[in-house]
Amino acid sequence: MERKKIIYQLDTPYSAVSWPDVTLEDQETILELLCALLAPLGQYRSTHTQLSKGKRDRKRKRKASGAEPKDQPPPPIPELRSYIDVGLAAVTRSLEETASRGQEVKSNLEDELVNGESPAPPYSAIFVARSGQPNALNSHLPQMVAVASKSHPTQTPIRLVGLSKSCGDRLSESLGIPRISCIGIREEAPGSKALVEFTRRHVPAVEIQWLDQARRAEHLGTNINAIKTSVGSKREKPCTA
């Protein structure tokens, strides 16, 4: 007869934070608008940025620089560059700063006015190429986006867009970078109005219910999950003479 056994698992009483649902059709439209926005940066990089080929190439250029006339200085980098962060590490670090600034805004306001420094504008939207990327690398983003948005309640919540289809190649080509996993676009970025407005209409804000529950300071018991599982038959020990 098959034996049964109950296994107990402890779980947090707070609900998990999930990614916003975005239809494939809306993802395609967002991707087209995003690539069109990034295209000028990719063109500038391919035209005016020379990739390094190592120490030997730099030595050869130094020797030839005395005989050849200097090239004209490149035009200024497009203004959009200062409103965009590329890479998961850069976006995560900026979200941490946004959340901490929201908690310290009153104490730092006088210092910012005295020093004449103003913090960088918050993100309006963050785009993540989730296809082919382990969940462990970006699973923290929904929670961080929700906390950063709630730290500034007077501002429009940051939108988090997970692009499920393979789009890394298109984004890399648009921006002129070999690999892209995450892009953050800040408020008032030049030329981003159409992209941001469409994203806000079709992508819901990240909801974090457990944060509201925690603020009520009410006791919540630990969730205990009881799972029934079958246990194999006990092995008989061989008889020894």
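The residues of the chain are indexed from 1 along the displayed sequence.
Of the inter-residue distances, the one linking S18 atom OG with I208 atom CD1 reads 10.5 Å to the nearest 0.5 angstrom. Of the inter-residue distances, the one linking L38 atom CG with L34 atom CG reads 4.5 Å to the nearest 0.5 angstrom. A distance of 6.0 Å separates CG in L175 from CD1 in I183, rounded to the nearest 0.5 Å. In this structure, CG on L31 lies 12.0 Å from CG on L24, to the nearest 0.5 angstrom. Atom CE in M144 sits 9.0 Å away from atom OG in S94 (nearest 0.5 Å). Taking CZ of R179 as the reference point, atom CD1 of I177 lies at 12.5 Å (rounded to 0.5 Å).
Taking D169 as the reference, nothing meets the side chain to side chain contact (heavy atoms under 4.5 Å, CB included) condition, with sequence neighbours excluded. Considering only residues two or more places apart in sequence or on other chains, S181 meets the side-chain hydrogen bond (donor to acceptor under 3.5 Å, both in side chains) condition with none of them. A36 is linked by a side chain to side chain contact (heavy atoms under 4.5 Å, CB included) to nothing, counting only residues two or more places apart in sequence or in another chain. Annotation: side chain to side chain contact (heavy atoms under 4.5 Å, CB included) contacts of S172 (sequence neighbours excluded): I180. Here T156 pairs with R159, R200 under the side chain to side chain contact (heavy atoms under 4.5 Å, CB included) rule; sequence neighbours left out.
The hydrophobic clustering, which links ILVMFWY residues whose side-chain heavy atoms are closer than 4.5 Å, places V86 and I30 together. Each of F198 and V196 belongs to its own hydrophobic cluster when Ile, Leu, Val, Met, Phe, Trp and Tyr are linked at side-chain heavy-atom distances under 4.5 angstrom. Residues I185 and L163 are members of one and the same hydrophobic cluster, defined by side-chain heavy-atom contacts under 4.5 angstrom among Ile, Leu, Val, Met, Phe, Trp and Tyr. Cluster membership for L88 and I126, using ILVMFWY side-chain heavy atoms within less than 4.5 angstrom, is shared. In the hydrophobic clustering of this structure, I158 does not group with L33; members are Ile, Leu, Val, Met, Phe, Trp, Tyr whose side-chain heavy atoms approach within less than 4.5 Å, directly or through other members.
Crowding of E188 atom CD: a count of heavy atoms from other residues, nucleotides or ligands under 6.0 Å not exceeding 12. Summarising the local packing, CD of E173 is surrounded by 12 or fewer heavy atoms from other residues, nucleotides or ligands at distances under 6.0 Å.
Using a 4.5 Å cut-off on side-chain heavy atoms (C-beta onward), V145 and W19 make no contact. Contact check for Y83 versus P190: side-chain heavy atoms found under the 4.5 Å cut-off. The shortest distance between side-chain heavy atoms of C35 and R170 falls below 4.5 Å. Under the 4.5 Å side-chain criterion, counting only non-hydrogen atoms from C-beta, L141 is in contact with V128. The shortest distance between side-chain heavy atoms of N135 and R130 falls below 4.5 Å. With a 4.5 Å cut-off on side-chain heavy atoms, P40 and L80 do not count as touching.
A donor-acceptor contact under 3.5 angstrom links the side chains of D26 and T23, judged on distance only. Side chain to side chain, T98 and H152 fail the donor-acceptor criterion of an N or O pair below 3.5 Å.
A donor-acceptor pair is defined here as one N or O able to donate and one able to accept, closer than 3.5 Å; such a pair exists between the side chain of S82 and the backbone of E79. For S149 (side chain) and A146 (main-chain N/O), no donor-acceptor pair under 3.5 Å exists by modelled atom type.
Each ring-ring contact (aromatic ring centres under 6.0 Å, His included) pair with one or both residues in residues 25-47, not counting sequence neighbours, appears once here: Y44-H48.
Within the cation-pi definition used here (under 6.0 Å to the ring centroid, within 45° of the axis), R186 qualifies as a partner of Y123.
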Item to complete: Check step by step if side chain to side chain contact (heavy atoms under 4.5 Å, CB included) holds for H202 and V22.
Response: CA-CA 7 Å; H202 295 83; V22 187; 5.9 Å; no
